[in-house]
Trainee: 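The structure's right below; bear with me while I get my questions together.
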Amino acid sequence: LEARLEAADLFKKVVEAIKDLVQHCNFDCNDSGIALQAMDNSHVALVSMMLTADTFTPFRCDRNIPLGIDLTSLTKVLRAAQSSDILTIKSEDAPDVVNLVFEGKDQDRISEYDLKLMDIDQEHLGIPDTEYAATASMPAADFKRICSDLLLISEAVSIECTKEGITFKAEGDIGNGSVTLRQHSDLENSDKNVDISLTEPVALSFSLKYLTGFCKATGLSNQVRLCLSNDVPLMVEYALANNSYLRFYLAPKIGD
Amino acid sequence: QNHQHILQGFYEAA
C-alpha cells in the first residue's frame, strides 16, 4: 500500500470523528481505496468510512490488506502531523506496522512514524442498499447545534420528517423543546440549503448522546444528510470529495 | 423509552 494525501487534515479529522465511537478497527485497503466499518461496543451505532482511491494522489494497493489499528494510538501519531502536511500511508504485504510519513509543504521537514498493527477479528454487518422514506440535507453546523441544544433537555430526540420540514423534539424533566428546519434554497450559498425528499412521513427516536458524537465529523463537510425510514437505523452521512464519505448508522430507540 | 435497539436486529452479519 502507498497512499498519499495532499493534506493530512482530512485523515486527522476522520480519525478524530470516529475515535470515541470505536477503539480498534480494521482499515481495509484494496485497489478501490481505504474502507472501514466498525460498531461501537454496545452495537447500537456503526461507522462506515470510505476514502476512495481518487482521494489520494497517487494511490497504489496491490492486494487486499486489513490494517488493524488502535485509534487511540493512531491519534497520538497523527498529532505529529500538521493539517497542511502531505501525508503518505505505506504498508508492506502481511505487515506488522503501518508507516506514516508527514512532509511539510516547503519540504524542509519529514516526519516518519511506524505504528504497530493488531489482529482484529471484527464482526462485519451487511448493510443493504436502502431506499429511505425520507432524506434531509442540512448545514452540518445546524445539525450539530440542534443536537447539542436538545441534549441539554433530554437524552433522546424524536425526529419527524414531513413535506413541511424536519422537526427535532426533545421531552425532558425541565420541559420540552423542538426545532423545525423548513425546506429552503439559498441562492447565494448552497451550503445553507435545507433539502427534504420524502416518500412517506417518518417519525423515529434516537439517543442524542450518539448523535452528538457523530457531529464530531462536522468539520469534514458543510452539509450533512439524514436518511430515515420507519423502523430501520438512521444513516447520517458526511459526504467528502471524490465520492469518499463518512457514514454513521444508529439503531432507533424502542417506542413506548 | 430508554431502551435502544441494537443493529444486529436490522443487518445481517456479512
Side-chain angles (χ1 to χ4, degrees), chain A residues 21-22 26 28 35 37-48 66 121-130 132 154-158 169-173 176 203-211 213 227-236 247-256, chain B:
Chain A
L21 190 65
V22 291
N26 284 321
D28 294 308
Q37 193 205 87
M39 262 187 291
D40 82 306
N41 283 333
S42 60
H43 291 198
V44 164
L46 181 145
V47 56
S48 172
D121 186 18
Q122 213 156 39
E123 187 178 6
H124 205 83
L125 293 184
I127 300 165
D129 279 335
T130 307
Y132 289 95
S154 172
E155 53 129 25
V157 63
S158 147
K169 285 185 187 165
E171 295 180 10
D173 293 339
N176 304 328
L204 285 166
S205 288
F206 299 98
S207 158
L208 279 164
K209 181 186 78 173
Y210 283 98
L211 292 178
C227 298
L228 303 114
S229 284
N230 287 315
D231 301 320
V232 306
L234 163 74
M235 182 177 82
V236 179
R247 292 175 183 161
F248 299 96
Y249 295 82
L250 181 61
K253 278 180 162 282
I254 296 163
D256 297 324
Chain B
Q1 192 67 16
N2 290 327
H3 291 91
Q4 191 99 26
H5 283 295
I6 62 170
L7 287 162
Q8 278 101 335
F10 303 97
Y11 301 134
E12 298 278 314

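This one's a predicted model, so the numbers in the text were calculated from it and none came from an experiment. In what follows, chains carry the letters A, B, and so on, assigned in the order in which the sequence lines appear, proteins first and then strands, with residues in each chain numbered from 1.
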Trainee: Using a cut-off of 6.0 Å, state whether more than 12 heavy atoms not belonging to Gln122(A) lie near its atom CD.
Mentor: yes
Trainee: Determine the sole option in Lys253(A), His43(A), Lys209(A) for which the side-chain contact (heavy atoms from CB on, under 4.5 Å) test with Gln4(B) is passed.
Mentor: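 Only match with Gln4(B) under side-chain contact (heavy atoms from CB on, under 4.5 Å): Lys253(A).
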Trainee: Can you tell me how far apart CD1 (Ile254(A)) and CD1 (Ile6(B)) are? Round to the nearest 0.5 Å.
Mentor: 9.5 Å
Trainee: May I ask you to test the Tyr249(A)-Tyr11(B) pair for a side-chain heavy-atom distance under 4.5 Å?
Mentor: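 Tyr249(A) vs Tyr11(B): side chains touch.
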Trainee: For Asn230(A), is the CG atom crowded, meaning more than 12 foreign heavy atoms sit under 6.0 Å from it?
Mentor: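 Enclosed: over 12 neighbouring heavy atoms sit under 6.0 Å from CG of Asn230(A).
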Trainee: What I'd like to find out is whether the side chain of Asp231(A) reaches to under 4.5 Å of the side chain of His5(B), using heavy atoms alone.
Mentor: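 No, every pair of side-chain atoms sits at 4.5 Å or beyond.
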Trainee: Of all the heavy-atom pairs spanning Leu7(B) and Pro233(A), show the shortest one and how long it is.
Mentor: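 Shortest heavy-atom contact: CD2-CG, 3.7 Å.
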